[in-house]
Amino acid sequence: MSSIALAIPHSPWVPERAASMARLREQLGCCDGGAPYEAPYYREFTDREPNTVWSEKLWTWLRDTGADWCLQLQDDVIVAPCFWPALRAMLSALPEDAGVVGLTSVHPAAVEIARRGHRWYRTPGNVVGWAYALRHDAMSDFLEFRAAAPKEFREANEDDQIGQWARMT
């Protein structure tokens, strides 16, 4: 069974985000504020800092755990019922060359794809920051690429950086 590291950027100073985070912890099965059983590597990033700063800290921590999969969920995401079994089933079904998994989508064809009975689709780099997972090797490659990238790349929104890297590589 693959190991999963879970990182959640959280804004506890915003009352609505604090309430949402409490709900999310319950949905994920966190015990007394601790890690959920399914993700022994667990950390909430709560410092007040620009997304370019917290995202780099978050990604580096995920990579440094050595977990097979690096999972990021935003503090206001609502996960599906049976989230952990569904996530594990998806991750185990992926081909080896699939290094990035978007767990949410705003793709214009997503509804039509689902209506036709399909549950998966691949895009060249459409990653939404609410929820995504990267294989450990992909996270390492992304961070190496990012370190050498121009300043404009590193200052883009965090999900745009991963999406752009996925498209380029």
Checklist entry - So which pairs with a foot in residues 92-101 pass side chain to side chain donor-acceptor pair (under 3.5 Å), sequence neighbours left out? => result none
Checklist entry - Does the side chain to side chain contact (heavy atoms under 4.5 Å, CB included) test come out yes or no for Asp141 and Trp165, once each step is laid out? => result CA-CA 9 Å; Asp141 292 348; Trp165 167 78; 3.9 Å; yes
Item to check | Results of salt bridge (Lys or Arg N to Asp or Glu O under 4.0 Å) for Glu112 - residues two or more places apart only | outcome: Arg115, Arg116
Next on the checklist: Less than 4.0 angstrom from a charged side-chain N to a carboxylate O is my criterion; do Arg154 and Glu56 meet it?
Outcome noted: no
Item to check | Counterpart residues, side chain to side chain contact (heavy atoms under 4.5 Å, CB included), relative to Arg48 (two or more places apart) | outcome: Trp13
Item to check | Under 3.5 Å donor-acceptor, Thr60 side chain and Lys57 backbone | outcome: no
Next on the checklist: So, using side chain to side chain contact (heavy atoms under 4.5 Å, CB included) as the criterion, who are the partners of Pro50 when residues are at least two apart?
Outcome noted: Thr52, Val53
Item to check | Flag, side chain of Arg23 to backbone of Val77, donor-acceptor distance under 3.5 Å | outcome: yes
Next on the checklist: Heavy-atom count check: over 12 atoms from other residues, nucleotides or ligands less than 6.0 Å from Glu144 CD?
Outcome noted: no
Next on the checklist: Which residues end up grouped with Tyr121 if you chain together Ile, Leu, Val, Met, Phe, Trp and Tyr wherever their side-chain heavy atoms are less than 4.5 Å apart?
Outcome noted: Ile113
Please table the atom pairs, donor to acceptor, closer than 3.5 Å between any side-chain atom in residues 129-138 and protein atoms at least two apart or in another chain.
from: Tyr132; atom 1: OH; to: Trp59; atom 2: NE1; distance (Å): 2.9
from: Arg135; atom 1: NE; to: Ala98; atom 2: O; distance (Å): 2.8
from: Arg135; atom 1: NH2; to: Pro95; atom 2: O; distance (Å): 2.9
from: His136; atom 1: NE2; to: Arg63; atom 2: O; distance (Å): 2.8

Checklist entry - For Phe83, what residues pass the ring-ring contact (aromatic ring centres under 6.0 Å, His included) criterion, not counting sequence neighbours? => result none
Checklist entry - For Glu155, which residues count as a salt bridge (Lys or Arg N to Asp or Glu O under 4.0 Å) partner, sequence neighbours excluded? => result Lys151
Item to check | Ile78: hydrophobic cluster co-members (side-chain, 4.5 Å) | outcome: none
Checklist outcome for this item: side chain to side chain contact (heavy atoms under 4.5 Å, CB included) filter on Glu38, not counting sequence neighbours, yields Trp84, Arg88
Checklist entry - What residues, two or more places apart in sequence or in another chain, satisfy side chain to side chain contact (heavy atoms under 4.5 Å, CB included) together with Pro150? => result Glu152, Phe153
Checklist entry - Please, which pairs that meet side chain to side chain donor-acceptor pair (under 3.5 Å) have at least one residue in residues 70-81, sequence neighbours excluded? => result His10-Asp75, Arg17-Asp75, Gln72-Gln74
